[in-house]
Amino acid sequence: MNKLNLPAILGGSPIRSIPLPRYNMIGAEEKAAVMDVLNSGELSGFVASSGPEFHGGEQVQALEKAFCEKFGSLHAISVNSATSGLHCALAAMGIGPGDEVLVPPYTMSASATTVLFTGAVPIFVDVEDSYFCIDPKRVEQAITARTKGIVAVNLFGQSANLNALRKIADEHNLFLVEDNAQAPGALHHEKFTGTIGDAGVFSFNRHKTMQSGEGGVVLTNDGDLALRMRLMRNHGEVVVGAMNISNIVNTVGLNYRMTEMEAAVARVQVSRLDALNAPRIALANRLTEGLQTLDGIMPPQIAEGNTHVYYFYPLLFDASQTALSREQFCKSVEAEGFTLRAGYVKPLYLEPLYQQKICFGREGFPFSANTANRDLVYEKGICPVVEDLAENRLMVTNITYPPLTISDMDDFVEACRRVLAHAEEIIDAGIT
Ligand SMILES: *Cc1c(COP(=O)(O)O)cnc(C)c1O
């Protein structure tokens, strides 16, 4: 047989023989902004006291202003990571031991662990089959007298069903926090994700669309929440006295402050957000066009009213259309020189933290604080849609970023086509 046409997994030459280029959108403007900070000698402007320096330095404040302007929010609180931002937002809601927060299980771990750090517990709610975000219908069914709020994760670059979640939250007097780490600039019925919840959290970590090394921002329109988050960010316990804050809830603070260098980079990155998202969307659209012609894999669906910003590009595997297993398919496409992951994360509740309910100390706190009304069930089977996606159907690639090109997308489609066309040989070769 002609080796040239064989899939790489069977010894043919890979469609892509040189490694994919890295994502690097740090340009002259970011570099100049950092040099300005370094030349100033003031690498952080924060002081934990009730004076003006409680709010950080020039770059931190400029970043917060830029976020407010870009997203039309009243307050932006910069932090040193989205994880810190989620913790600030949840703590600011005043929750604690005995409380429950509804969280999807198919997300980065911090969407749920930050609930634990307030002393409350996450209750995992299954996702919508087509869009992979928390399912409003199931949210409604999961509400109990202990439920205080919802964490919605805008996964892979697409909004959760935020309007429906907002309505449920308002009807039941719950808060809605958006984990928007993966969807900066996405829209839900003409509103930016991150602005529909009571608080919306962004990330600038090394994998995200906007980057500053580490860092994050929380948006809110609620001045009281904003103040609480600022207290949490900067040793709140030592300033509430001087600030005459009488309504003290969860005001014990940490150091979640961003440096001036990080803020300087993030400020430039947010000014370029549309330009960072545009190539992702164009590349993803090309992939979708090409993959639509193949039987066995299904490109992502976009819910009505949503725009997708493709932090990742999720696909579904259709086992009824090919004899290959999902794992054989992914491994064979990867051999062609691309990334394609079978599944995303393990459903969070299957991790030992939840299986053994050991978090703080040995007595099971905070899980042990939630025993009066119900058992906390974190068993396999509680979220069948997520489990099916994780075990059988979902695949994720992260190739929709510049400097990758339209022609690279065509090559990915070609890699998928080649693998599907050689299904029998791949199976016969015993590839697992
Ligand atoms: C990346 C990410 C986070 C955490 O971001 P950090 O800035 O690294 O703390 C939280 N949630 C989701 C969904 C993420 O993708």
Side-chain angles (χ1 to χ4, degrees), residues 23 60 63 67 76-91 101-118 122 124-125 127 131-134 150-160 162 165 176-186 188 193-194 196-197 199-219 229 232-233 254-259 262-263 265-266 269-270 273 276-277 280 308-314 341 343-348 351 353 386 389-390 394 396-398 400-401:
Y23 180 65
V60 155
L63 168 66
F67 254 80
I77 297 87
S78 63
V79 277
N80 59 7
S81 71
T83 303
S84 310
L86 285 164
H87 187 199
C88 286
L90 291 162
V101 178
L102 308 179
V103 186
Y106 219 35
T107 175
M108 192 259 172
S109 67
S111 313
T113 52
T114 46
V115 173
L116 292 168
F117 273 99
T118 68
F124 292 103
V125 175
V127 302
Y131 314 115
F132 323 131
C133 294
I134 195 166
I150 306 163
V151 174
V153 182
N154 302 316
L155 199 69
F156 303 146
Q158 178 167 211
S159 176
L162 292 172
L165 294 166
L176 176 62
V177 168
E178 279 179 70
D179 180 340
N180 198 40
Q182 299 190 0
H188 182 65
T193 56
I196 298 166
V201 182
F202 294 71
S203 172
F204 312 130
N205 90 12
R206 62 174 292 201
H207 303 291
K208 298 294 159 42
T209 299
M210 294 184 282
Q211 303 191 351
S212 67
E214 305 287 352
V217 158
V218 190
L219 294 179
M229 289 194 261
M232 182 77 185
R233 168 176 73 180
L254 286 152
N255 176 349
Y256 283 165
R257 308 176 305 210
M258 214 179 187
T259 68
E262 289 166 332
V265 173
Q269 291 266 293
V270 71
L273 178 58
L276 297 178
N277 276 332
R280 287 180 181 274
H308 202 309
V309 291
Y310 296 105
Y311 166 65
F312 282 167
Y313 186 91
R341 204 183 330 166
Y344 171 47
V345 292
K346 202 190 228 187
L348 294 183
E351 298 291 357
L353 169 63
V386 154
L389 288 169
L394 189 79
V396 189
T397 182
N398 69 343
T400 52
Y401 63 85

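Order of listing sets the numbers, starting from 1, for every ligand and every atom in it. Keep in mind that the numbers below use all heavy atoms, side chains included, and drop hydrogens, waters and symmetry copies.
A 4.5 Å side-chain heavy-atom check between N205 and S81 finds every atom pair outside the cut-off. Residues V101 and V177 are not in side-chain contact: their nearest non-hydrogen atoms beyond the backbone lie 4.5 Å or more apart.
Between F132 and Y106, a ring centre-to-centre spacing not shorter than 6.0 Å is recorded.
Put simply, OG1 on T114 and CG on L90 are 5.0 Å apart, with the number rounded to the nearest 0.5 Å.
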Dump all N/O pairs between ligand 1 and the protein below 3.5 Å as a table: atom names plus distance, one pair per row.
| unit_1 | atom_1 | unit_2 | atom_2 | d |
| --- | --- | --- | --- | --- |
| ligand 1 | 5 (O) | S203 | OG | 3.4 |
| ligand 1 | 7 (O) | A82 | N | 2.8 |
| ligand 1 | 7 (O) | S203 | OG | 2.7 |
| ligand 1 | 8 (O) | N205 | ND2 | 2.8 |
| ligand 1 | 9 (O) | A82 | N | 3.3 |
| ligand 1 | 9 (O) | T83 | N | 2.8 |
| ligand 1 | 9 (O) | T83 | OG1 | 2.5 |
| ligand 1 | 11 (N) | D179 | OD1 | 3.2 |
| ligand 1 | 11 (N) | D179 | OD2 | 2.7 |
| ligand 1 | 15 (O) | Q182 | NE2 | 2.8 |
| ligand 1 | 15 (O) | K208 | NZ | 3.1 |

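Checked by atom type, the side-chain pair E262/N80 shows no donor-acceptor distance below 3.5 Å.
A tilted orientation is assigned to the rings of F156 and F312, their planes being inclined by 30° to 60°.
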